[in-house]
Amino acid sequence: MISPGASLPRLSRRALVAGLGAAWAAAPARAVAPPDLALRAVWQDFRARFLLPEGRIIDTGNQGVSHSEGQGWALLCAERCGDRASFDLLLAWTRGLLRRPGDHLHAWRHVPGAAQTVSDRNNATDGDVFIAAALLLAARRWDEPAYAAAGTAIARDILRLLLRHVGGRTVLLPGAGGFEEQEHVVLNLSYYAFPALRLLARAVPDPAWLRLVADGVGLLRGAGFGRWDLPPDWLTLWRADGVASLPSRWPPRFSYDAVRVPLYLAWAGLQEEAPVQRVLRFWAERTHPYLPAWADLETDRISPYPANGGVAVLRQWLQARAGGGAFQMESVRLSRQDDYYGSMIKILVLIAESELS
């Protein structure tokens with residue numbers, strides 16, 4: 001267990017890369033596959049409920065705002081489903097409303113009805129990672145060089161503006177501003193979207209990508225807190241000695257962000273990694289009266305309400321992946337209770353399963 005104030009285990013970068021095997025660095029490029037029928041059906045339902053005519057995805061659990069994260073995920077969904085009309089609609093709104101001046105990144109949030117709908121021009125790195133990945137995939141699917149150029153430009157700016165060397169590790173900043181202090185940086189572990197980062201690394205070859213991924217996996221292996229050794233949504237990493245601790249600016253929780261840590265690891269073929277196994281053990285805890293939405297990593301208290309349907313589907317998928325069992329994509333549907341985020345988690349699981357099957 002790594003508790004607040006403890007040093008993360010030190011592994012050589014060579015050992016980390018060897019531990020990854022060839023699963024990440026040398027995995028073959030994704031083929032342009034025909035859309036999966038189960039995925040397409042769920043995407044059509046999602047599109048009808050959460051995609052507005054102007055091209056923005058509404059976060060129904062957060063007062064109808066839109067995020068670069070949601071735009072990036074939806075662009076990926078549209079590409080994986082061969083839905084070019086929705087892809088171009090999403091892309092036009094994203095570029096027109098969220099594109100930052102001076103680089104190729106995107107502002108993280110749009111607030112409808114506000115006097116200034118995009119008042120904070122800071123980016124959210126995971127949004128940019130997925131926007132770039134979707135563009136690079138779309139360039140192959142529809143033989144569109146302009147998509148490839150746009151995705152490559154975003155990847156270059158992620159490499160240029162968002163990677164840092166901290167405490168002996170190459171890390172990914174959550175945004176271009178606001179996460180670096182003199183003595184430490186704050187990281188969001190769910191932004192390490194390994195399958196999408198692989199696409200960016202192919203578009204902009206640079207050894208920094210492999211360092212980022214190897215160090216990111218090492219970081220995740222060690223960043224376990226509380227009774228269940230769970231990854232936190234946010235992590236403080238100290239510059240001087242690489243010590244990790246729970247942050248003071250955010251609740252010390254395994255919650256809505258960190259549920260994506262096992263998703264992205266398993267999607268990259270790394271379902272045997274310790275963070276995935278720890279999360280599965282937490283979700284399998286028999287003393288829980290329901291599947292918890294979050295756990296407090298200081299008090300070990302769980303949420304007083306259950307997780308959304310997306311997390312339930314994610315658990316089923318991870319259990320199947322870890323145990324070698326079958327996962328029935330056709331059984332996944334959106335329910336009336338699913339908000340934007342729970343619905344998107346279901347779709348991302350379907351995308352991951354379709355690519356790994």
Side-chain angles (χ1 to χ4, degrees), residues 27-53 55-58 60 69-91 94 130-131 133-144 147 151 193-196 198-199 259-260 262-269 271 307-357:
R30 296 172 179 173
V32 180
D36 180 272
L37 294 179
L39 171 61
R40 191 168 185 175
V42 177
W43 164 244
Q44 289 173 345
D45 191 3
F46 180 95
R47 184 181 61 190
R49 292 170 58 181
F50 304 108
L51 174 59
L52 296 185
R56 74 178 181 93
I57 299 295
I58 54 169
T60 55
E69 163 199 276
Q71 298 300 118
W73 284 337
L75 283 163
L76 177 67
C77 295
E79 185 281 326
R80 293 286 84 181
C81 291
D83 182 359
R84 187 164 185 178
S86 294
F87 187 93
D88 286 339
L89 182 68
L90 287 156
L91 184 61
T94 304
F130 275 99
I131 292 168
L135 282 162
L136 294 168
L137 289 169
R140 291 215 312 266
R141 180 177 295 277
W142 293 305
D143 191 22
E144 179 53 73
Y147 292 157
F194 299 111
R198 180 165 54 210
L199 295 169
V259 295
R260 304 197 301 259
L263 167 61
Y264 294 149
L265 282 169
W267 188 347
Q271 62 269 6
N308 61 47
V311 175
V313 168
L314 174 58
R315 177 178 64 171
Q316 294 168 9
W317 179 69
L318 289 171
Q319 288 171 335
R321 278 277 139 198
F327 178 77
Q328 301 299 324
M329 293 179 63
E330 297 79 10
S331 68
V332 177
R333 294 287 186 270
L334 302 188
S335 74
R336 292 182 179 180
Q337 290 74 37
D338 288 332
D339 62 7
Y340 145 78
Y341 188 70
S343 299
M344 183 55 75
I345 292 295
K346 289 183 178 181
I347 294 179
L348 293 176
V349 167
L350 291 177
I351 293 174
E353 174 64 15
S354 67
E355 292 179 358
L356 291 170
S357 298

* To do: Evaluate the criterion salt bridge (Lys or Arg N to Asp or Glu O under 4.0 Å) for residue pair Arg84 and Glu79; output intermediate values, then yes/no.
  => CA-CA 7 Å; Arg84 187 164 185 178; Glu79 185 281 326; over 6 Å; no
* Chi angles and distances behind the salt bridge (Lys or Arg N to Asp or Glu O under 4.0 Å) call for Asp83, Arg47 -> CA-CA 11 Å; Asp83 182 359; Arg47 184 181 61 190; 2.6 Å; yes
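In this structure, the separation between CD on Gln319 and CG on Leu314 is 9.5 Å, given to the nearest 0.5 Å. The CD atom of Gln44 sits 12.5 Å away from atom CG of Leu51, with the distance rounded to the nearest 0.5 Å. Taking CH2 of Trp73 as the reference point, atom CG of Leu348 lies at 6.0 Å (rounded to 0.5 Å).
Lys346 places a side-chain N or O within 3.5 Å of a backbone atom of Arg333 that can act as its donor or acceptor partner. Gln71 places a side-chain N or O within donor-acceptor distance of the main-chain N or O of Gly55, the cut-off being under 3.5 Å. The backbone N or O of Ala85 lies less than 3.5 Å from no partner atom in the side chain of Asp88, so there is not a single donor-acceptor pair.
Two residues are said to be in side-chain contact when any heavy atoms from C-beta on lie closer than 4.5 Å; Phe194 and Trp267 fail this criterion. Counting heavy atoms from C-beta outward, Pro35 and Trp43 have side chains that stay 4.5 Å or more apart. Counting only heavy atoms from C-beta outward, the side chains of Leu265 and Gln271 never approach each other to under 4.5 Å. Here the side chains of Val332 and Phe327 are in contact, with some heavy-atom distance below 4.5 Å.
Of all the heavy atoms in Ile57 and Gly70, the pair that sits closest is CG1-O, 3.9 Å. Across all their heavy atoms, Ile345 and Val311 have their closest contact at CG2-N, 4.3 Å. Scanning both residues, Leu89 and Leu52, for their nearest heavy atoms gives CD2-O, 4.2 Å. Taking both residues in full, the closest heavy atoms of Ala268 and Arg198 are given as O-NH1, 4.5 Å, listed atom of the first, atom of the second, then distance.
With sequence neighbours excluded, no residue forms a salt bridge (charged side-chain N to carboxylate O under 4.0 Å, His left out) with Asp36. Judged as a side-chain contact (heavy atoms from CB on, under 4.5 Å), and not counting sequence neighbours, the contacts of Ala312 are Leu291.
A 6.0 Å sphere centred on CZ of Arg49 holds more than 12 heavy atoms belonging to other residues, nucleotides or ligands.
Relative orientation of the Trp142 and Tyr147 rings is perpendicular, given thresholds of 30° and 60° on the angle between their planes. Using cut-offs of 30° and 60° for the angle between ring planes, the Phe50 and Tyr340 rings count as perpendicular.
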